2 protein chains.
Amino acid sequence: MATSETTAAAPRGGRGARERILRAAVELFARDGIHVTGIAKLTDVAHVSTRTFYQHFPSKEALVSAYLQRVASDSEGPVHIETVLERHDLTARERLLALFADSPPAKVVRGCPLHNATVEAAGTMPEAAALVERHKREFTERLIKTATEAGAREPESLGRQLALLFEGARALSTSLNDTLPYRDARELAEMLIDQSTRAVSQLPPGLSGK
Amino acid sequence: MATSETTAAAPRGGRGARERILRAAVELFARDGIHVTGIAKLTDVAHVSTRTFYQHFPSKEALVSAYLQRVASDSEGPVHIETVLERHDLTARERLLALFADSPPAKVVRGCPLHNATVEAAGTMPEAAALVERHKREFTERLIKTATEAGAREPESLGRQLALLFEGARALSTSLNDTLPYRDARELAEMLIDQSTRAVSQLPPGLSGK
DNA sequence: GGGAAGGTAAAGCGATCGATATACTTGGGG
DNA sequence: CCCCAAGTATATCGATCGCTTTACCTTCCC
């Protein structure tokens, strides 16, 4: 669902300037940040004139919103790793673990673009913050659903815990400039999933989801 | 020059303009972000003229560095919660759990200012990124040390896991605009600490620190 | 083959950025 | 008392910001 028209090509015959702009936004916003990326650099990378840019997006903030929507639902984008939750050739447990499988090249991805956008937005750009908030909630919901499929005893609790680990790995690896947190997160995730799906008799106390 | 007593008061008789500038930086940078906070707003809040500002800091970037150093070592600042690791009236276990104790007002703190600075710095401001990286490593080291005091079986592993949870709680609560991740992190931290300090016979497999 | 949609190139808008310069005011110590 | 460092106020610098505008091409479709 939500295969929104934002990912569609230019509606009419044109040579797809909008698509090039969005691709440039994904590349530059995610790598360099939103504030530091000006319209000039954007149009330069997209090979698009300023005029054309503003014929497709009424403002930079509108492009930011479009960028966030694409990043949130792009199977090719920098957060494509989240889409492993949809790979039904894997078991639910494998899907959950695949989230933490291979650490993306830290220099390229630089944490979660959505979270970064919220940080950069601070007070301004409330629409962007709302988009990110919604995506994070949906992602947590998908985790919970997958945890349910995996047979977790407390899927709500496990899903939220995995979301916490995923976000922590992305944030801490950015600050540390190191992929070690991904390995720690994977190890911990594996343990949590196993504990939540193991026979009750061996379960230690204190796991109840609130 | 090397007048690097960043935390010291104004060295000469003046009415402490430098201190007011730093305080304004802590308030504005942490709340609104670095890019969005201009020199004008800074000097306005600090009740300082532009000239005075540049007599104390050669550039905005220098102020950013001073701001990060203060935030990283300020017992009153927005990250003061980390200082509970130094409260020796508590047991090591209590200190570790206190990290996740009460969620700070999300509207005020807005995640970890140091991590946020790294996100905003992106490519620019390498000094700031290095400062943050160093602080995060030191913080992890303190966690490991405290985990050792708490009698953890794998203090290295536990310390890094707790750092992961702490970072995840701060980041995810920012994106979600909700303090729920802090509660999840606390719950999970408590379980991890207990598991790591419990009798070996009851320990489930898969905990070995790599 | 002609018109319109879609595109390019470039000048320039006001605003604001970080940073600098000029000129004046204050206040405590020798 | 007067000096001088510290601070104030304000004007301004060049650069860049997001954005607008004018004028002119190119390509697709009927």
Side-chain angles (χ1 to χ4, degrees), chain A residues 5-6 8-25 28-29 32-68 117 120-128, chain B residues 1 3 5-6 8-25 28-29 32-68 117 120-128:
Chain A
E5 52 283 359
T6 53
R12 276 294 304 256
R15 249 169 347 309
R18 181 192 172 92
E19 182 58 27
R20 267 177 290 145
I21 295 171
L22 263 175
R23 269 197 241 274
L28 297 176
F29 284 164
D32 302 334
I34 293 173
H35 284 315
V36 83
T37 299
I39 302 293
K41 181 173 275 183
L42 233 7
T43 56
D44 186 45
V45 170
H47 299 289
V48 150
S49 72
T50 317
R51 181 103 199 276
T52 302
F53 175 90
Y54 280 102
Q55 279 174 344
H56 285 283
F57 299 95
S59 68
K60 184 186 178 181
E61 194 168 339
L63 174 65
V64 170
S65 290
Y67 152 75
L68 291 176
E120 287 205 73
T124 56
M125 314 198 314
E127 188 181 354
Chain B
M1 311 311 181
T3 54
E5 296 95 39
T6 50
R12 274 291 306 257
R15 257 174 335 307
R18 182 190 172 89
E19 181 59 28
R20 267 178 291 145
I21 294 171
L22 263 175
R23 270 198 241 274
L28 297 175
F29 283 164
D32 302 333
I34 293 173
H35 285 314
V36 82
T37 299
I39 303 293
K41 182 174 276 184
L42 234 6
T43 57
D44 186 45
V45 169
H47 298 290
V48 151
S49 72
T50 318
R51 179 100 197 275
T52 302
F53 175 87
Y54 280 101
Q55 279 174 344
H56 285 283
F57 300 95
S59 67
K60 183 186 180 182
E61 195 168 341
L63 174 65
V64 171
S65 290
Y67 151 75
L68 291 176
E120 285 204 73
T124 57
M125 314 201 312
E127 188 180 356

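Reminder, nothing fancy here: chain letters follow the sequence lines and each chain counts from 1. Quantities reported herein were computed from a predicted structural model and do not represent experimental measurements.
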K.L.:
Rounded off to whole Å, could you give me the CD-to-C1' distance for the Glu19(A) and dG7(C) pair?
P.N.:
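In whole Å, dG7(C) C1' lies 17 Å from Glu19(A) CD.
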K.L.:
Would you list the protein and nucleotides 18-21 of chain C atom pairs, both N or O, that sit under 3.5 Å from each other?
P.N.:
from	atom 1	to	atom 2	distance (Å)
dG18(C)	OP1	Lys60(B)	NZ	2.7
dG18(C)	OP2	Ile39(B)	N	2.9
dA19(C)	OP2	Tyr54(B)	OH	3.0
dA19(C)	OP2	Lys60(B)	N	2.8
dA19(C)	O5'	Tyr54(B)	OH	3.4

K.L.:
Can you tell me how far apart CD1 (Ile21(B)) and CD (Gln55(B)) are? Round to the nearest 0.5 Å.
P.N.:
9.5 Å
K.L.:
List in chain and number order the residues that pass side chain to side chain donor-acceptor pair (under 3.5 Å) with Ser49(A), two or more places apart in sequence or in another chain; answer none if no residue qualifies.
P.N.:
Thr52(A)
K.L.:
Tell me the interatomic distance from Asp44(A), atom CG, to dT16(D), atom C1', rounded to whole angstroms.
P.N.:
15 Å
K.L.:
Within the structure, does a side-chain N or O atom of Thr52(A) lie under 4.0 Å from either OP1 or OP2 of dG7(C)?
P.N.:
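No, Thr52(A) has no side-chain N/O under 4.0 Å of OP1/OP2 on dG7(C).
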K.L.:
Any side-chain N or O of His56(B) below 4.0 angstrom from OP1/OP2 of dG7(D)?
P.N.:
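Yes.
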K.L.:
Got a sec, which residues hit salt bridge (Lys or Arg N to Asp or Glu O under 4.0 Å) with Arg23(B), two or more places apart in sequence or on another chain?
P.N.:
Glu19(B)
K.L.:
Mind listing the closest non-hydrogen atom pair of Phe29(B) and Ile34(B) along with its distance?
P.N.:
CD2-CA, 3.8 Å
K.L.:
Run the side-chain donor-acceptor check on residues 37-48 of chain B: report pairs under 3.5 Å with partners two or more places apart or on a different chain.
P.N.:
from	atom 1	to	atom 2	distance (Å)
Thr37(B)	OG1	Gly33(B)	O	2.7
Thr43(B)	OG1	Ile39(B)	O	3.1
Thr43(B)	OG1	Ala40(B)	O	2.9

K.L.:
Over the length of the helix from dG1(C)-dC30(D) to dG30(C)-dC1(D), how much do the five-pair end axes diverge, rounded to 10 degrees?
P.N.:
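For the helix from dG1(C)-dC30(D) to dG30(C)-dC1(D), the axes at either end differ by 0°.
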K.L.:
Looking only at non-hydrogen atoms, find the nearest pair between Ala66(A) and Phe57(A) and report the distance.
P.N.:
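The answer is CB-CE2, 3.9 Å.
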K.L.:
Using whole Å, report how far CD of Gln55(A) lies from C1' of dC25(D).
P.N.:
14 Å
K.L.:
Roughly how far apart are Lys60(A) NZ and Met125(A) CE, rounded to 0.5 Å?
P.N.:
8.0 Å
K.L.:
Of all residues at least two apart in sequence or in a different chain, which pass the side chain to side chain donor-acceptor pair (under 3.5 Å) check with Ser59(B)?
P.N.:
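In terms of side chain to side chain donor-acceptor pair (under 3.5 Å), with neighbours along the sequence ignored, Ser59(B) is linked to no residue.
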